[in-house]
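Remarks on the structure that follows.
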Amino acid sequence: MKKNNILSALLALTLLIQAPAITAFAEGETTAPPSESTAQLEESTASSEETTLPTVPAEISPSVDASVNYGSHSINAMVPMADEQDYTAKAKAALLFDVNSDTLLYSFHPDEQLYPASLTKIMTCLVSLDLIAEQGIDLNGIITVPEDVIKRVDPSGSSMGLKGGEEIPMIELLYGMMVQSANDACMVVAQHLCGSEEAFVEQMNQKAAELGCDKTHFANVHGLHDEQHYTTARDMAKIMLAAIENELFATLYSTSSHEVPATNVSEPRQMKTTNYLISKAVTDSYYDSRVIGGKTGFTTPAGRCLVTVSEDESTGMKLLCVVMGTKMEVASDGYTVLNYGSFEETRGLLNFGYKNYMGTQVLSEAQTLGQFHVEGGDAETQGKVQGISRAVLPAESTIDNIRYEYLLDDGVLTAPLKEDQPIGIARVWYQSICIAQQELYSAANIKKAVPIAKIPDVDPARPQAASSGIGHIVMMGILGLLAVIVVMLVIGNIRNAIRRAQRKKRRQQRRRRR
């Protein structure tokens, strides 16, 4: 019995020694090696991206803002949402821009240098407001009109009839500048703020450079013709975008009529806007309730020019429209205007924009995008953006027309990653037009993965292959020893049985003798 107990204990020990190898083999069957799981994830991610990316120029790199250079985002965009074939402009240059989404909707010769005429006064007013704020000037403070300035005013241009020695509040001169398009008001304000028109013009050109208007040069404050006085439709849009950020400018450019109080030399003056899109006072033929405000311009070399801002809540768009160099049609009497050109062209562009396009949000604050493998990480991560991106899309478009592209820094993510750490860029495409681009950030903290010992591959048909090396030798030795012990025990049992049989036989023989 004792020897049998020893045998049982040895067998149990053998099974205990074999257990780790069996467990390891079972885990190897049910758990894929880490390298295989990673490969499947990368293959799945790559496949997903391939099916969502649009056809885009191959030379675009992550360092390039594709939404500007290959898209419609920002006033500097190179690819408007609308094609020139979608609308034919009847002007030397035209531009349609959605302020709400910074989307260039349409452009025609946007960078051609042209004469701006009285569109100049948008910049004159903007610089005036800047200097007034810097110098702490009271808008209701009285300005005395210099006699020498009035003598230099071209009588053929528009004016508010200022007289030398007239005492008038600064705010009234600003109204005259933007409502009446008064050249005399511009010259008086420039002289008062900078000491001379020339010094004020320097401020205008400096402001133009600050706004990125690199194809613009001003030679005067009113816009009367000068060969060295020019701009572009795109630059005028930049100037207007900066101007409408000023609260007082927003009031001035949207005023359809204004009464200037009596002064020391003048009775009250009634002023009416030259922008017929916002007023019915002269004619109701052009009035458009969508138009908030704007500025007109005209000289014979410049043609009819107009910059307007309008809004349509149903489309979610706020459109800035620039037209330059339109032709005015006059009746045979040489006086009656049949077609101003600028009003008609502006209305046509606004109708085109509001009818065919809608504003939409394509990226939202903290929106998560994509699923990305992190090399050496304990988990995958998603990307996220940190701002809102709006765009303009054709009215009939759907979400299926939108494609997202993700470009990771260096093409791979490596652990550890911190939440909100930049990891690449996200681009949004409509067909072949990039409509938005934002930096992409990690949505979570990703730690380095804890190293796991690699389990050797095992052939399911040959589980014994899980043992190898020293462990295999030890196992074989133990099994051999057990076999020897078992054999010895069996032989011992046999000998004992033979001895018992012999003793029994001898006892029986003794009994017979008795």
Side-chain angles (χ1 to χ4, degrees), residues 87-97 106-125 154 156-159 177-183 186 216 218 220 222-227 229-237 239-240 253 256 271-288 290-310 319-353:
Y87 183 91
T88 302
K90 299 180 180 67
K92 290 182 179 179
L95 181 147
L96 193 62
F97 182 80
Y106 173 85
S107 67
F108 177 72
H109 299 165
D111 301 310
E112 181 178 345
Q113 290 177 325
L114 299 168
Y115 303 122
S118 285
L119 298 186
T120 301
K121 296 181 174 83
I122 299 173
M123 177 63 93
T124 303
C125 187
D154 188 333
S156 65
S158 57
S159 74
M177 187 185 298
M178 291 302 296
V179 178
Q180 190 76 17
S181 195
N183 296 342
C186 294
T216 293
F218 295 108
N220 57 58
H222 39 66
L224 291 178
H225 184 67
D226 188 303
E227 292 290 334
H229 191 92
Y230 50 81
T231 187
T232 69
R234 195 190 302 269
D235 282 358
M236 278 311 313
I239 295 168
M240 181 60 95
Y253 95 130
S256 60
M271 297 191 297
K272 297 177 182 179
T273 182
T274 56
N275 182 5
Y276 299 159
L277 293 174
I278 64 172
S279 173
K280 298 179 181 178
V282 177
T283 174
D284 61 0
S285 300
Y286 300 106
Y287 180 77
D288 190 328
R290 300 170 301 187
V291 177
I292 300 169
K295 184 72 191 75
T296 60
F298 171 72
T299 63
T300 299
R304 288 280 173 176
C305 304
L306 178 61
V307 179
T308 59
V309 176
S310 65
L319 297 183
L320 186 160
C321 182
V322 181
V323 296
M324 300 182 70
T326 61
K327 293 183 178 181
M328 182 173 68
E329 296 182 17
V330 181
S332 57
D333 61 9
Y335 177 77
T336 305
V337 177
L338 300 177
N339 190 325
Y340 282 93
S342 56
F343 299 130
E344 291 84 355
E345 186 65 5
T346 296
R347 185 164 57 187
L349 276 166
L350 294 180
N351 289 340
F352 167 75

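The figures that follow rest on heavy atoms only: side chains count, while hydrogens, waters and symmetry mates do not.
The shortest side-chain heavy-atom distance between Val291 and Leu350 falls under the 4.5 Å cut-off. At least one side-chain heavy atom of Leu277 sits less than 4.5 Å from a side-chain heavy atom of Leu306. In this structure, the side chains of Lys92 and Met324 stay at 4.5 Å or more apart for every pair of heavy atoms. The shortest distance between side-chain heavy atoms of Lys295 and Thr120 does not fall below 4.5 Å. Between Leu319 and Cys321, every side-chain heavy-atom pair lies at or beyond the 4.5 Å cut-off. Side chains of Leu119 and Thr231 form no contact here, defined as non-hydrogen atoms less than 4.5 Å apart.
In this structure, CZ in Arg304 is found 10.0 Å from OG1 in Thr299, a value given to the nearest 0.5 Å. Thr346 OG1 to Asp288 CG: the interatomic distance, rounded to the nearest 0.5 Å, is 10.0 Å. Here OG1 of Thr216 is found 9.5 Å from NE2 of His229. Values are rounded to the nearest 0.5 Å. Here the CD-NZ distance, from Glu345 to Lys327, works out to 13.0 Å after rounding to the nearest 0.5 Å. Within the model, atoms CG of Asn339 and CD of Glu329 stand 4.5 Å from one another, a figure rounded to the nearest 0.5 Å. In this structure, the separation between CD on Glu344 and NZ on Lys90 is 10.0 Å, given to the nearest 0.5 Å.
The minimum heavy-atom distance between Thr273 and Ser279, with the atom names listed, is CG2-CB, 3.5 Å. Between Gly294 and Met240, the closest heavy-atom pair is CA-CE, 4.3 Å. The two residues Ser159 and Gln180 make their nearest non-hydrogen contact at O-CG, 3.6 Å. Scanning all heavy atoms of the two residues, the minimum distance from Thr326 to Ala91 falls at CG2-CB, 3.5 Å.
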Anything under 3.5 Å between a donor and an acceptor, one on a side chain of residues 110-118, the other on a protein residue two or more places apart or in another chain? List them.
unit_1: Asp111; atom_1: OD1; unit_2: Arg234; atom_2: NE; d: 2.7
unit_1: Asp111; atom_1: OD2; unit_2: Arg234; atom_2: NH2; d: 3.1
unit_1: Glu112; atom_1: OE1; unit_2: His109; atom_2: ND1; d: 3.4
unit_1: Gln113; atom_1: NE2; unit_2: Lys215; atom_2: O; d: 3.2
unit_1: Tyr115; atom_1: OH; unit_2: Glu227; atom_2: OE1; d: 2.7
unit_1: Ser118; atom_1: OG; unit_2: Lys121; atom_2: NZ; d: 2.7
unit_1: Ser118; atom_1: OG; unit_2: Ser181; atom_2: OG; d: 3.4

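Remark: Ser285 engages Thr283 in a side chain to side chain contact (heavy atoms under 4.5 Å, CB included) (not counting sequence neighbours). Phe108 is linked by a ring pair (Phe, Tyr, Trp, His ring centres under 6.0 Å) to nothing, counting only residues two or more places apart in sequence or in another chain. Taking Ser342 as the reference, nothing meets the side-chain hydrogen bond (donor to acceptor under 3.5 Å, both in side chains) condition, with sequence neighbours excluded. Tyr340 meets the ring pair (Phe, Tyr, Trp, His ring centres under 6.0 Å) test with Tyr276, Tyr286, Phe343; sequence neighbours excluded. Partners of Leu224 according to the side chain to side chain contact (heavy atoms under 4.5 Å, CB included) rule, which considers only residues two or more places apart in sequence or in another chain, are Asp154, Asn183, His222.
The closest donor-acceptor contact from the side chain of Tyr106 to the backbone of Tyr87 lies under 3.5 Å.
Partner of Leu320 under the side-chain contact (heavy atoms from CB on, under 4.5 Å) criterion, chosen from Thr308, Ile292, Val309, Leu96: Val309.
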